[in-house]
Amino acid sequence: MGVTYEQATALISNFAAAVATNKEYLTELDSAIGDGDHGINMDRGMRAVMPKVEALSGADISTLFRTVAMTLISTVGGASGPLYGTLFLQLGTSSKGKAELTPGDWSEALAAAVAAVQSRGKAVPQDKTMVDALLPASQALAARLAAGDDFASSLAAAEGAAHQGALETIPLVARRGRASYLGERSAGHQDPGATSSWLLMTATREAFAEGK
Ligand code: ADP
Ligand code: MG
């Protein structure tokens, strides 16, 4: 039971589909506390990613994630491009030389990727950023696996933690990114990046929970 190349590809296509479906919603969230482009940014990035991923057939998981990273970095203008790029770049580094990822490999790779996002963007929990969804998700995954839960239910717990983390950004005052320019007025709105990160955790659960 682990993550195959096909499942890692499914994670990317699920995320691209979820971003396309939620493009307006993410943009609406970003209109309230940013410049209204998060859905547009992520959709442009993931639309550019898909043909590159399809052209990779036969590559390994590390190359797949690195390709996603490079494409997001070069096609997404906003803060989210380099940050998601950093996330996928670190996933690529952690997967190097592995034909498949065990649940433990994936959990460690996700933790390292979230740490890389934090190191790049300098956001800590409660800053009202994507970290507020990603970090609890990664911690829930590690805790459930350590407690002996199976991969599928651990991935579902990670998804639930990301969802809760995104909802919990609502009362927060933004301390990073464009929303921080609003100060107290950023409170009362859900963070767009935390919301897209929750979509990423849903895409992951859908791709990885089935199969071997
Ligand atoms: P921009 O803010 O440049 O318009 P986007 O709208 O695409 O970029 O993305 C905004 C999202 O990026 C925010 O909702 C937040 O979650 C995330 N973000 C912004 N700055 C940071 C940061 N320093 N660390 C982590 N996430 C951040
Ligand atoms: Mg924006």
Side-chain angles (χ1 to χ4, degrees), residues 12 15-50 65 68-91 109-140 158-159 161-204:
I12 303 306
F15 185 46
V19 163
T21 303
N22 291 282
K23 181 180 168 183
E24 312 283 313
Y25 173 51
L26 294 173
T27 286
E28 215 174 281
L29 293 175
D30 196 35
S31 299
I33 56 168
D35 55 355
D37 63 357
H38 187 58
I40 297 163
N41 285 341
M42 294 303 297
D43 189 52
R44 184 196 308 119
M46 293 310 294
R47 271 179 204 278
V49 159
M50 285 316 296
F65 287 146
V68 173
M70 296 309 181
T71 310
L72 290 178
I73 291 166
S74 62
T75 57
V76 179
S80 56
L83 290 165
Y84 276 109
T86 298
L87 182 103
F88 281 106
L89 205 54
Q90 182 58 49
L91 290 176
L110 183 63
V114 176
V117 168
Q118 287 200 264
S119 152
R120 169 102 198 202
K122 305 282 174 262
V124 297
Q126 316 264 293
D127 278 354
K128 199 179 181 96
T129 72
M130 58 176 73
V131 169
D132 291 318
L134 291 172
L135 190 60
S138 143
Q139 289 172 339
E159 177 188 7
H163 185 190
Q164 197 189 329
L167 293 175
E168 285 174 1
T169 63
I170 295 173
L172 298 175
V173 171
R175 287 188 297 233
R176 290 282 169 195
R178 214 178 270 282
S180 67
Y181 307 156
L182 288 182
E184 299 289 329
R185 279 185 295 138
S186 63
H189 303 279
Q190 188 170 316
D191 181 62
T195 307
S196 59
S197 289
W198 160 40
L199 297 178
L200 179 64
M201 293 301 114
T202 301
T204 306

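One-based numbering, in listed order, for ligands and for the atoms of each. Along the sequence shown, the residues carry numbers beginning at 1. This is a predicted model, so every value here is computed, not measured.
Nearest non-hydrogen protein atom to atom 23 (N) of ligand 1 is Gly121 O, 2.8 Å. For atom 24 (N) of ligand 1, the nearest protein heavy atom (residue, atom name, distance) is Ala123 CB, 3.5 Å. Looking from atom 2 (O) of ligand 1 to the surrounding protein, the closest heavy atom is Arg178 NE, 3.6 Å. Ranking protein heavy atoms by distance to atom 9 (O) of ligand 1, first place goes to His38 ND1, 3.2 Å. Of the protein's non-hydrogen atoms, the one nearest atom 7 (O) of ligand 1 is Ser80 OG, 2.6 Å. Taking atom 14 (O) of ligand 1 as the reference point, the nearest protein heavy-atom neighbour is Asp191 OD1, 2.6 Å. With respect to atom 27 (C) of ligand 1, the closest heavy atom belonging to the protein is Leu83 CD1, 3.3 Å. In terms of protein heavy-atom proximity, atom 12 (O) of ligand 1 is closest to Met130 CE, 4.1 Å.
Under the 3.5 Å distance criterion, the side-chain polar atoms of Thr129 are left unmatched by any main-chain donor or acceptor of Ala123. A donor-acceptor pair is defined here as one N or O able to donate and one able to accept, closer than 3.5 Å; such a pair exists between the side chain of Lys128 and the backbone of Thr169. Thr21 places a side-chain N or O within donor-acceptor distance of the main-chain N or O of Ala17, the cut-off being under 3.5 Å. A donor-acceptor pair is defined here as one N or O able to donate and one able to accept, closer than 3.5 Å; no such pair exists between the side chain of Asp132 and the backbone of Gly165.
For ligand 1, the polar-atom distance check against Ala79 finds a nitrogen or oxygen pair separated by under 3.5 Å. Checked by distance only, ligand 1 and Lys128 stay at 3.5 Å or farther apart across all their nitrogen or oxygen atoms. Geometrically, ligand 1 and Asp37 share a nitrogen or oxygen pair separated by less than 3.5 Å.
The number of heavy-atom neighbours closer than 6.0 Å to CD of Gln164, taken from other residues, nucleotides and ligands shown, is 12 or below. Within a 6.0 Å radius of CZ in Arg120, no more than 12 heavy atoms belonging to other residues, nucleotides or ligands are found.
Nearest to atom 20 (N) of ligand 1 by heavy-atom distance, out of Pro82, Gly177, Gly78, is Gly177.
Judged by distance alone, the side chains of Ser196 and Tyr84 do bring a donor and an acceptor atom under 3.5 Å apart.
Contacts of Asp30 with ligand 1, taken as heavy-atom pairs under 4.0 Å, involve the side chain alone. When heavy-atom distances to ligand 1 are checked against a 4.0 Å cut-off, Asp127 has no atom that comes that close, whether in backbone or side chain.
With contacts defined as side-chain heavy-atom distances shorter than 4.5 Å, the pair Asp30/Asp35 qualifies. Annotation: side chain of Ile12 is in contact with side chain of Met46 (closest heavy-atom distance under 4.5 Å).
Those atoms of ligand 1 that come under 4.0 Å of a heavy atom in Gly193, given as number and element, are 13 (C), 14 (O), 16 (O). Near Asp35, meaning under 4.0 Å from any of its heavy atoms, are these atoms of ligand 1: 4 (O).
Note on Asp30: its N/O/S atom closest to the Mg ion (ligand 2) is OD2. The Mg ion (ligand 2) lies closest to atom OD1 when only the N/O/S atoms of Asp37 are considered. Per residue Asp35, closest N, O or S atom to the Mg ion (ligand 2): atom name OD1.
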- Stepwise side-chain contact (heavy atoms from CB on, under 4.5 Å) check, Leu134 with Leu87: CA-CA 10 Å; Leu134 291 172; Leu87 182 103; 4.0 Å; yes

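A side-chain contact (heavy atoms from CB on, under 4.5 Å) with Met70 is found for exactly one of Leu89, Thr75, Val49, namely Leu89.
The residues Asp43 and Arg47 are annotated as salt-bridged, a charged nitrogen and a carboxylate oxygen being separated by less than 4.0 angstrom.
Within the 4.0 Å heavy-atom shell around ligand 1 one does not find Gly34.
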